[in-house]
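Here the structure comes first, spelled out in C-alpha cells, and everything after it is commentary.
Note that ligands are numbered from 1 as they come in the structure, with each ligand's atoms numbered from 1 the same way.
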Amino acid sequence: MPRTITIAGNWKMNKTATEAAELAKPIIQAVANQSEITVVVCPPYTALQTVGGLIANSSVRLGAQNMSDKASGAYTGEISASMLRDLHVTHVILGHSERRAYYGETDEIVNKKTIAALENSLKPILCVGETLAEREASKTFDVIRTQLVGGFKGISAEQAENVIIAYEPVWAIGTGKTATPAMAQEVHAYIRKELTSLYGDTVAQKIRILYGGSMKPDNADALLSETDIDGGLIGGAALTAKDFLALVESGKAASLKKA
Ligand code: PGA
C-alpha cells in the first residue's frame, strides 16, 4: 500500500478569522471531495471554528499549530486536545522549530504533547530538523535521531502509525533556501531507517514523512517524486490559494506516479 500523500498548509500567525475564511473558500471549492491525497489547512486557533465550519462537507482536514500537553485546568492561555477535537480538528503540528526556538519547547515537552494528541485521536504532525550550524558541523543525523527518539518515547507501534513526521531543516524555513531533493531524500531515508529500528519495517513503511522549508510550486514536483518524501508542510506558499492549490496538484501527480 503506497503512503497517502499529505499536503498541509501551516498558516502560522497570519490571517484573522475573516481573512482565513477568504483564503479557505477557494481551497475548499477546488479540493472538494477528492480522496487521492490528504489536504490539511492549519489556521491560527482564532480561525479554527470559522474554517472548520466551511470545510464541513469537503475532504479538506483541519489542523492546529500547537496544543497543550495537559487535559484541562489552571493553565492560562493554553488550549487542550479535547477543545481542538470539539472544533473538528483532526491534525496538530507539534514541535515546530519556531516553537522549539522561541518558546523553549524541548523534546520532552513535544513528546508529552504527542502522547496527549494521540490519546485524543488527533494526528500529530511532529516536526524535526537541524539548524544551519548543526548541518555544517555534520550533526544533522544526530540531531534528527535525538528528536525522533525523544519525540516517540513511550509511544506504541500501533500509535506510531498515526504520527506524521515533518522534516523541516531550520535553515530552509521561510528563507527561500530549499534542501535539494537529494538532500531532503537523504534525511527522509535516515528518518525511515530510525523508525525501522524503533518500530520495525512494517510500521516504518506506513509512517508518512513530509518535507517542509520553502516548498513552492516550482520545486514541489522534484521533492515529491523522491521515494521517502510523502508530502509537504508548507508555510509561505500556503498563504495564497493559487500557490497552495498548485501544491495540491503536485501532490496528486506524485500520488499517481507512486501508486
Ligand atoms: P515555509 O515554512 O514554507 O515558509 O518555509 C514551512 C514551515 O515552517 O512549516
Considering only heavy atoms of [X], which atoms of ligand 1 have at least one such atom less than 4.0 Å away?
X      : result
Gly213 : 5 (O)
His96  : 7 (C), 8 (O), 9 (O)
Asn10  : 9 (O)
Ala172 : 5 (O)
Leu233 : 6 (C), 9 (O)
Lys12  : 2 (O), 7 (C), 8 (O)

What I want to check is whether the side chains of [X] and [Y] have a donor and an acceptor closer together than 3.5 Å.
X      : Y      : answer
Arg208 : Thr6   : yes
Tyr167 : Glu130 : yes
Gln147 : Asp107 : no

On a heavy-atom basis, I'd like to know which of Lys216, Glu168, Met215 is closest to atom 9 (O) of ligand 1.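 Closest candidate by heavy-atom distance is Glu168.
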Please compare Ala166, Gly235, Gly176 and report which has the shortest non-hydrogen distance to atom 3 (O) of ligand 1.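 Closest candidate by heavy-atom distance is Gly235.
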Would you say ligand 1 has an N or O under 3.5 Å from any N or O of [X]?
X      : answer
Gly236 : yes
Gly174 : yes
Gly212 : no
Thr175 : no

Give, for atom [atom1] of [X] and atom [atom2] of [Y], the distance between the pair rounded to the nearest 0.5 Å.
X      : Y      : atom1 : atom2 : result
Leu122 : Leu94  : CG    : CG    : 9.0 Å
Lys257 : Leu224 : NZ    : CG    : 9.0 Å
Ile93  : Leu233 : CD1   : CG    : 5.0 Å

Mark yes or no for whether Arg192, through its side chain, and Ala204, through its backbone, hold a donor-acceptor pair below 3.5 Å.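 Flag set: sc Arg192 to bb Ala204 pair under 3.5 Å.
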Is it possible for you to say whether Val203 and Ile125 belong to one hydrophobic cluster, with membership spreading through side-chain heavy-atom contacts below 4.5 Å?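 Result: no, two separate clusters.
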